[in-house]
2 protein chains.
Amino acid sequence: MDKINIKILAKELNLSTSTISRAFNGSSDINKDTKERILSIAREHSFLPNHYASNLRDKKTKTLAVIVPEIANDFFAQAINGIEEVARKHGFYILLYRTDDIFEKEVSFVNYLNNGKADGIIMSVSGEGNDHQYLNNLRQKNIPVVFFDRVYEDIEAATVTTNDYDSSFAATEHLLKSGCRKIAYLVVNKSISIGKTRMQGYVDALAKHKVPFNDELVIDCSNDEKVNTKILTKVLQEIKPDGIFSSVERLAFATYHVCNTLGVSIPNQLKVISFSSLNIAPLLSPALSTITQPAFEMGVKAATLFFEALENKDTNFPKRQHVLKSKLFIRKSAE
Amino acid sequence: MDKINIKILAKELNLSTSTISRAFNGSSDINKDTKERILSIAREHSFLPNHYASNLRDKKTKTLAVIVPEIANDFFAQAINGIEEVARKHGFYILLYRTDDIFEKEVSFVNYLNNGKADGIIMSVSGEGNDHQYLNNLRQKNIPVVFFDRVYEDIEAATVTTNDYDSSFAATEHLLKSGCRKIAYLVVNKSISIGKTRMQGYVDALAKHKVPFNDELVIDCSNDEKVNTKILTKVLQEIKPDGIFSSVERLAFATYHVCNTLGVSIPNQLKVISFSSLNIAPLLSPALSTITQPAFEMGVKAATLFFEALENKDTNFPKRQHVLKSKLFIRKSAE
DNA sequence: TTGTAGGCGTTATCAA
DNA sequence: TTGATAACGCCTACAA
């Protein structure tokens, strides 16, 4: 109720607003006692300098925007944790936004940020759209952008990714060595860079083992669970693959569900490996074989790159490409 | 780069700043053509009014702070999704903060918000500390607070919870009816209100079935996985319960792991039911029996209450207590 | 329908 | 060490 600000505090203490301000900004130009006095009274009023006013002056928001396709997903949740950890150390806070993989949402949020709402952006892109110039606007305003996991190749920015190609190659090769000859590749959006890279590993592993690539085995799924169930049911019934390599955790779960329904036995009739950051993959029935990305570390790295960019504001925009390593865990589902 | 603001735009268009401002605020007091002209030029410059300046004037941030103990957790992730969904409809954005169940972090963030950083707070509390008056400071500034799932009872605020007592009672009763006589109750923090409520359901179900309550069977776990593994190993080896009722998902997973290690068979030797929002609970080995809270809906409800509070600013602070229903799913782990 | 002007709360600069 | 003042960018009475 009783409005409080630096001015009122100043009057109350018989000081000037500048002195009050200094008390809050670690300025050395202030008498220790005065400072104490100010802070103690401020505490009584539970007063803190208004951020919007400070930001308006300083053009610093101490806020980092994080944009992800989904939140209820182990990979992203862990990555966000990593980002938050680093942000916190720098006294930054996280403005979180979820795109649901919808391009328009991504564009609208990025544009919204384009006005001093955040000091930077860490994002995993929706993967849609062709023209991503809206991201370059940010550059003009010195708002660093860091991509993680999912990247736009037409935008120059720091990136944090994993060795997707290698992992995919290794996973596919494992399936081949285990005897699979008809391996389906599950993907959500073929056009997205990450889907392409992972698929290339799959394709090349097939080639190495002289198993012909079959376009029919590339299953383009959707974001809708029910649709996926239908698609996968059809695949398992009609195409009858003997192996599944899923580029997305969600699709592996869907596969499990469909197998349960159809009575397809994993790994006997169908071996499954999936990209997944699920901690409890070993507890599934059967234990899911995974390519596990270092989600938390990726978040940490992305945030670190962001803060580096922030500090070098005048120099060039950072274009560091950071690649972390995923791990392949072969469990029951692919034995 | 080339700085841009309402003034510069005004000069460029030979208009006044007020006219420019009006173009962005759906004001009716503006010529349609003028507006078009302004917006089109603005778009060229990818200009949007600076939020910090607007906020400074309006005292509205269009930002909603969300405070949760953890992010990488299905319950909270889904709840955040629900909150975000509603927030978005109101043109609000989410400032996310994670407390790691550490009281000091909670206090420090809440205090940080106490200065016009957000228009309101939706939180699931850390559950520590005795004095939560720092939350009342917010009330004075008309920053509505909504608790969800985890609540401080000494603070008046709108709350969204689930029928924890009933669910716990039902789950315990199920275990009893299935023949369990030595049911361990797993909890992370006994003092937290939610832990108490859930425990009461457990206690009362025991009483109803004339099974004596045994303090030794209340297992107070930690936030550290390794510690929990140790604790649970000891419990399974020494106390040898025949049922587990876990108030927290995480502890159920830990139980599974320990059972795998020790070769304890679920559900033959040990039946397990847990609070959990895990979508793939049926895919676990064995399928986990859960009390599933409507996480997404809770988020939606919490956000809805928040916006109601926001609109009734002058009237009384809302103290609505909303209770949603959880569902008990008995699966293989408790059959 | 458009313009003028003052102020939102803070801080940096300069002067005392 | 402290104080006065201008400025950050925007919005809204009020005036024209």
Side-chain angles (χ1 to χ4, degrees), chain A residues 2-39 41-42 45-63 112-119 141-143, chain B residues 1-39 41-42 45-62 112-119 141-143:
Chain A
D2 48 332
K3 251 199 296 191
I4 178 104
N5 59 34
I6 247 181
K7 239 187 208 157
I8 297 179
L9 222 53
K11 208 166 276 173
E12 197 171 325
L13 284 157
N14 259 319
L15 287 167
S16 76
T17 57
S18 5
T19 309
I20 309 290
S21 177
R22 282 191 270 261
F24 284 98
N25 294 305
S27 167
S28 53
D29 294 354
I30 187 173
N31 182 298
K32 229 184 173 185
D33 295 342
T34 321
K35 186 169 173 179
E36 291 282 303
R37 207 154 54 92
I38 293 172
L39 291 182
I41 294 277
H45 291 271
S46 70
F47 166 83
L48 280 180
N50 179 299
H51 262 265
Y52 285 92
S54 316
N55 292 159
L56 180 56
R57 276 212 46 121
D58 296 358
K59 321 300 209 77
K60 298 220 165 113
T61 68
K62 293 261 175 191
T63 300
Y112 166 77
L113 292 173
N114 208 342
N115 58 359
K117 184 75 189 182
D119 292 341
K141 308 217 172 158
N142 273 320
I143 300 180
Chain B
M1 308 285 107
D2 48 333
K3 249 199 295 192
I4 179 109
N5 59 33
I6 245 181
K7 236 188 208 157
I8 297 179
L9 221 54
K11 209 167 277 173
E12 195 170 327
L13 285 156
N14 258 319
L15 287 167
S16 77
T17 57
S18 20
T19 309
I20 310 288
S21 177
R22 281 191 269 261
F24 284 98
N25 293 307
S27 167
S28 52
D29 294 354
I30 188 173
N31 184 296
K32 230 185 173 182
D33 295 341
T34 323
K35 185 168 172 178
E36 291 282 302
R37 206 153 54 91
I38 293 172
L39 292 182
I41 295 278
H45 291 272
S46 70
F47 167 83
L48 279 180
N50 179 299
H51 261 266
Y52 285 92
S54 319
N55 291 160
L56 180 56
R57 269 209 54 116
D58 298 358
K59 319 296 207 82
K60 297 221 163 116
T61 68
K62 293 260 177 191
Y112 166 77
L113 291 173
N114 210 342
N115 58 359
K117 184 76 189 181
D119 292 342
K141 308 217 173 158
N142 272 318
I143 300 180

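All figures in this text were calculated on a predicted structure; none of them were measured in a lab. Reminder, nothing fancy here: chain letters follow the sequence lines and each chain counts from 1.
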Pair B:Asp119-B:Thr61, side-chain donor/acceptor within less than 3.5 Å: yes
Output the rounded distance in Å from [atom1] ([X]) to [atom2] ([N]).
{"X": "A:Asn55", "N": "C:dC8", "atom1": "CG", "atom2": "C1'", "value": "14 Å"}
{"X": "A:Lys62", "N": "C:dT10", "atom1": "NZ", "atom2": "P", "value": "17 Å"}
{"X": "B:Lys117", "N": "C:dT10", "atom1": "NZ", "atom2": "P", "value": "14 Å"}
{"X": "B:Leu9", "N": "C:dT2", "atom1": "CG", "atom2": "C1'", "value": "16 Å"}
{"X": "B:Glu36", "N": "C:dT1", "atom1": "CD", "atom2": "C1'", "value": "16 Å"}

Any A:Thr19 side-chain nitrogen or oxygen under 4.0 Å from OP1 or OP2 of D:dG3: yes
Residue list, side-chain contact (heavy atoms from CB on, under 4.5 Å) with [X], at least two apart or on another chain:
{"X": "B:Leu9", "result": "B:Ile4, B:Leu13, B:Ile20, B:Ile41, B:Ala42, B:His45, B:Phe47"}
{"X": "A:Ile8", "result": "A:Asn5"}
{"X": "A:Asn25", "result": "A:Ser21"}
{"X": "A:Ile30", "result": "A:Thr19, A:Arg22, A:Ala23, A:Thr34, A:Lys35, A:Ile38"}

Angle by which the axis turns from one end of the helix from C:dT1-D:dA16 to C:dA16-D:dT1 to the other, five pairs per end, to 10 degrees: 30°
Closest heavy-atom pair and its distance - A:His51, B:Tyr52: O-CD2, 4.4 Å
Shortest non-hydrogen separation from B:Leu15 to B:Arg37 and the atoms involved: CD1-NH2, 4.0 Å
Sugar-phosphate or base contact per nucleotide [nucleotides 8-16 of chain D; S, B, -; heavy atom under 4.0 Å]: BBBBB----
Sugar-phosphate, base or nothing in reach of A:Asn14, heavy atoms under 4.0 Å: sugar-phosphate
Any residue meeting side-chain hydrogen bond (donor to acceptor under 3.5 Å, both in side chains) with B:Ser18, in chain and number order, not counting sequence neighbours: B:Ser16
